[in-house]
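Just so it is clear: chains get the letters A, B, ... in the order the sequence lines come, proteins before strands, and each one is counted from 1. Predicted model only: the values in this text are computed from it and were never measured.
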2 protein chains.
Amino acid sequence: MIRMLIADDHTIMREGLKQLFSLVADVQVVAEAESGTQLIELLRQVEIDLLLLDMNMPGISGEILIARLHAQYPSLPILVLSMHNEIHIAQRALRAGALGYLTKDRDPETLLAAMRRVVSGQRYLDPGLAEQIALQSSGLKQQTYVESLSDREFQILRLLAHGLSVNQIAEQLVISNKTVSTHKTRLMEKMGFGSTADIVRFAMTLGIS
Amino acid sequence: MIRMLIADDHTIMREGLKQLFSLVADVQVVAEAESGTQLIELLRQVEIDLLLLDMNMPGISGEILIARLHAQYPSLPILVLSMHNEIHIAQRALRAGALGYLTKDRDPETLLAAMRRVVSGQRYLDPGLAEQIALQSSGLKQQTYVESLSDREFQILRLLAHGLSVNQIAEQLVISNKTVSTHKTRLMEKMGFGSTADIVRFAMTLGIS
DNA sequence: CGTTCGTGTAGGGATTTTCCTAGCCGGTTT
DNA sequence: AAACCGGCTAGGAAAATCCCTACACGAACG
């Protein structure tokens, strides 16, 4: 029997999932959370075998939430169920401590399979994303690689995504605006961005911003 | 018997909904679409009483999709099921021709109730949003009012959200960059935006961009 | 040990965008 | 008719940003 907790801010999504799992004999939904803080609260009270987690939760969410949960319950398998099928997000989720990552556009059978894998302690990665990562690491694709950003560049990416201007960032970091501009140019080149709007969109899907 | 079509790009969401509706005797899901174009295609083939539509579909989506469907099938009740509980989005969806608007964080009973209302030809608006709109129209809240934008301003908002620069927009619209800048300033003031990043974020939640 | 590379830092000049101001036009009010 | 207002249009001056170039410094490399 797999005792699981569903964390998703959309009631209808949660109910739908519960209905799906009601068809499966050895899966039992023992709790639900609709915010990051509530999730943290619940985990103190119930004992579970699997956490099914949405990436976009109100309050604490995304990477930060995963990292925090993983630090506190290292042996709890976390399967991330996300809307975004972008490599960076998946990679960051996994690096933060999730054991599996699956997009919501997969079918229920795949979800079940992923759940069983994760519960048994094995990693699971969405097939489509796995392929993308494979292609990427084999060098056939070059692009949008957050890892290639230096710390300073990533820091400035975040500040830009929050809507700060080059000058505001310069002031905050106590460096020249020319320097900020240089970092911005370089990070945009590395990420393959064509406009500041791309930065904001990217950051949004990442959960920053 | 309500014959309905579910349009949502996430398989798991669709399956979950189908499971929910399987508990309801007089509701039957007769078709599913996972993209705007597929939806348009399907509507030519099947006869339905209700369209349950997600705002964020790949391909054609959001307002534009609703407007198009409504023009083609004026008597088809469209219930929009959206992740966003922002007034503007709801208002635009309704104005484009949707008969109902509900956020995904509601419970299944509410969804059912909304469906029945819409099928019977009555409008349905998410209670939380209805209240917001009431407060807003009573003048207690002023802010972020898309309606107050002129056509030109909204057009430029969209282009900005797509990542075009002020100069590019000026060139495309064959007007002075100063003019574009003026529109930008005014639309940002009207919407209460503090940076271009806000524009992009807003447009993303709206389904544009 | 010299070279190269990545990173953080800017300057100078060019370009873009803002800020403030204002004209024009069509519709409404007085 | 005169006055007014909202929406679209810019100009000139000023600020912000970009582009190209450069340099220092530490790490990796031959």
Distance-only check: which donor-acceptor pairs under 3.5 Å involve side-chain atoms of residues 41-51 of chain B, not counting sequence neighbours?
unit_1	atom_1	unit_2	atom_2	d
E41(B)	OE1	R44(B)	NH2	3.4
D49(B)	OD2	R3(B)	N	2.7

For a quick test of your reading: what N or O donor-acceptor pairs under 3.5 Å do the side chains of residues 177-184 of chain B make, sequence neighbours left out?
unit_1	atom_1	unit_2	atom_2	d
N177(B)	ND2	N167(B)	OD1	3.1
T182(B)	OG1	K178(B)	O	2.9
K184(B)	NZ	T196(B)	OG1	3.1

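Chain A approaches DNA chain D within less than 4.0 angstrom (heavy atoms of the protein), and the contacting nucleotides run 5' to 3' from dA16(D) to dC18(D). With a cutoff of under 4.0 Å to any heavy atom of chain B, the contacted region of DNA chain C is bounded 5' to 3' by dT16(C) to dT18(C).
In the helix from dC1(C)-dG30(D) to dT30(C)-dA1(D), the rotation axis of the first five pairs and that of the last five pairs differ in direction by 20°, rounded to 10 degrees.
One finds the CG atom of L39(B) at 11.5 Å from the CG atom of D8(B) (value rounded to the nearest 0.5 Å).
The pair K104(A)-D54(A) meets the salt-bridge criterion, with a side-chain N (NZ, NE, NH1 or NH2) lying under 4.0 Å from an Asp/Glu carboxylate O.
Qualifying salt bridge (Lys or Arg N to Asp or Glu O under 4.0 Å) partners for R152(B), counting only residues two or more places apart in sequence or in other chains: none. Under the rule for a salt bridge (Lys or Arg N to Asp or Glu O under 4.0 Å), the partners of R106(B) that lie at least two apart in sequence or sit in another chain are D126(B). Considering only residues two or more places apart in sequence or on other chains, Q72(B) meets the side chain to side chain donor-acceptor pair (under 3.5 Å) condition with none of them. Judged as a salt bridge (Lys or Arg N to Asp or Glu O under 4.0 Å), and not counting sequence neighbours, the contacts of E15(B) are K18(B). A search for salt bridge (Lys or Arg N to Asp or Glu O under 4.0 Å) contacts involving E171(B) returns nothing, not counting sequence neighbours.
Near DNA chain D, meaning a heavy atom under 4.0 Å away, the residues from residues 175-188 of chain A are N177(A), K178(A), S181(A), K184(A). The stretch residues 164-174 of chain A touches DNA chain D through S165(A), V166(A), N167(A), each having a heavy atom under 4.0 angstrom from the strand.
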Side chain to side chain contact (heavy atoms under 4.5 Å, CB included) evaluation trace for M115(B) with Y124(B): CA-CA 8 Å; M115(B) 283 169 50; Y124(B) 181 90; over 6 Å; no

